[in-house]
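This is a predicted model, so every value here is computed, not measured. Residue numbers start from 1 in every chain, and the chains themselves are labelled A, B, ... in the order their sequence lines are given, proteins ahead of strands. These numbers come from the heavy atoms of this one structure, side chains and all, not from hydrogens, waters or symmetry mates.
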There are 2 protein chains.
Amino acid sequence: MQPEISDQIFYSFLTGGLCASSTSTTTTSLFSPFAIEDKVAEDKALASLRNHKEAERKRRERINFHLNKLRNLLSCNSKTDKATLLAKVVQRVKELKQQTLEITDETFPSETDEINVLNFEDCSNDDGRRIIFKVSFCCEDRADLLQDLMETLKYLQMETLFADMTTVGGRTRNVLVVAADKEHHGVQSVNFLQNALKSLLERSSKSVMMGHGGGGEERLKRRRALDHIIMV
Amino acid sequence: MQPEISDQIFYSFLTGGLCASSTSTTTTSLFSPFAIEDKVAEDKALASLRNHKEAERKRRERINFHLNKLRNLLSCNSKTDKATLLAKVVQRVKELKQQTLEITDETFPSETDEINVLNFEDCSNDDGRRIIFKVSFCCEDRADLLQDLMETLKYLQMETLFADMTTVGGRTRNVLVVAADKEHHGVQSVNFLQNALKSLLERSSKSVMMGHGGGGEERLKRRRALDHIIMV
DNA sequence: TAGAACACGTGACTC
DNA sequence: TGAGTCACGTGTTCT
């Protein structure tokens, strides 16, 4: 191929070498005394233009390369247009950020006591025969907390489907997914659960008052140190 | 402002209305019988071109709008060029994906028993007076597992800095970060820990053999159902 | 000066 | 047709 020549023709055709510029000084005959100087200047300009064109092509290539990578990462059709793709990327990055934030937030114990009971009824794929609750609470850790919790759930005739217990620096966060038969339970069971957990937490703070008290700041320090370790 | 007029001038100057086309039929005098028809056609083409130009401007705006959003999300300088920005976005999306994957992988119990002990010595910010271990194991759940684990760690003179216990469908994954004094422990303590955990897991599988056996498939089904619930 | 990055208007293509 | 998108080459600006 001969891009050199065809490019030159293309340029002289487009850039006004035959139009606008022809009205000024470029129509110098080949016999003009300035012909050679002009030719040199023209070649230089042409070369510069060619470099410019090439650089721009490379730049476009670079951008499109990454755009295609993003298309693959989001498993987007190659027909998805750039703006839509980028909008989706923005959304995805936000989602992923939020997700990791939620996971850490939902896993690590907070410094204040919390109780949270959520009814999963509508999301349940259990043929609707059971009610699913998501229980989450946060309190001081104590030796027999787990046992108390299990007894409470047994008493309430609830089955534990999932349990996650995170303990750090004397505080614990427990997340449970429990199932309750609809024969014995309704939506109002949220209250039963909440009350049961309340008394559980009260017992926890009592045992702390009697036993190893204080040390809040020390805990915070540890927590931060651990954050570092865990995230490594 | 009067973009209409200036645009028209701009176009006729650039698009060859005064150059290439002038060599064909466009230099029709205003007195030509075709003047009006030509004028109409020209106006139409001009309007079309103007629409086109506007649409393209809007498109560029849309793309740049999302690019700027991404710049903010990655807290990138406004000077970061498009290609570099997109490269960073690709990297970030990959990282975040990997991160959430790791978190779920490290949290949920696997179907096979596992023991993993990692030495955090180099990462420890504990003035080097203590060795930090990250312990992770996965086995059948049983009532007294936690108690056994605590006794084991007490026996090994290790302090628990962090504990995460996830139980679902009869299987449990436990992640612990423990600290051991360098007076009593060295790097070889990894082996102590591993052996202690081994016997712990052996006791677990024994108790399962004697108690509620089997149900592996049922567990898997539950696990999947839970994945759904948890992610909602 | 040369090089990099950008916005622009345009021709070509698709639905 | 017309609206939408893309790649292209160019002019401009900053370094």
Undergrad: Can you measure A:L46 atom CG to D:dG9 atom P for me and round it to whole angstrom units?
TA: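 Nearest whole value for this atom pair: 13 Å.
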Undergrad: Would you mind reading off the distance between A:K53 atom NZ and D:dA7 atom P, rounded to a whole angstrom?
TA: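 These atoms are roughly 17 Å apart.
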Undergrad: Roughly how many Å is it from CG in B:L49 to P in C:dA12, rounded to a whole number?
TA: 13 Å
Undergrad: Given atom NZ of B:K58 and atom C1' of C:dT10, what is their separation to the nearest angstrom?
TA: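 So the two atoms are 18 Å apart, to the nearest Å.
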Undergrad: Hey, what are the protein-to-nucleotides 4-6 of chain D N/O distances that come in under 3.5 Å?
TA:
from  : atom 1 : to    : atom 2 : distance (Å)
D:dT5 : OP2    : B:R62 : NH2    : 2.6
D:dC6 : OP1    : A:K82 : N      : 2.8
D:dC6 : OP2    : B:R59 : NE     : 2.8
D:dC6 : OP2    : B:R59 : NH2    : 2.8
D:dC6 : N4     : B:E56 : OE1    : 2.9

Undergrad: Look up atom CZ in B:R130 and atom NE2 in B:H185, then write down how far apart they are to the nearest 0.5 Å.
TA: 11.5 Å
Undergrad: Would you kindly give the CD-to-C1' distance between A:E61 and C:dC6, to the nearest whole Å?
TA: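 Value for this atom pair: 18 Å.
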Undergrad: Please state how far atom CZ in A:R50 lies from atom C1' in D:dG9, giving the value in whole angstrom units.
TA: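 In whole Å, D:dG9 C1' and A:R50 CZ are 14 Å from each other.
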Undergrad: Taking NZ, NE, NH1 and NH2 as the nitrogens, is one of them in B:E54 or B:R57 under 4.0 Å from a carboxylate oxygen of the other?
TA: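 A salt bridge is present here (some side-chain N lies under 4.0 Å from a carboxylate O).
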Undergrad: Under 3.5 Å, is there a donor on one side chain and an acceptor on the other for B:T172 and B:N174?
TA: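 Short answer, yes.
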Undergrad: When the distance from CG of B:N51 to C1' of D:dT1 is rounded to whole Å, what number comes out?
TA: 13 Å
Undergrad: Salt bridge check: are A:E56 and A:R59 linked by an N-O gap of less than 4.0 Å?
TA: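 Yes, A:E56 and A:R59 are salt-bridged.
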Undergrad: Quick one: do A:R62 and B:D81 make a salt bridge, cutoff under 4.0 Å?
TA: no
Undergrad: State whether A:R60 places a side-chain N or O below 4.0 Å from either non-bridging phosphate oxygen (OP1 or OP2) of D:dG9.
TA: yes
Undergrad: Taking NZ in B:K94 as the centre, count heavy atoms belonging to other residues, nucleotides or ligands within less than 6.0 Å. Is the count above 12?
TA: no
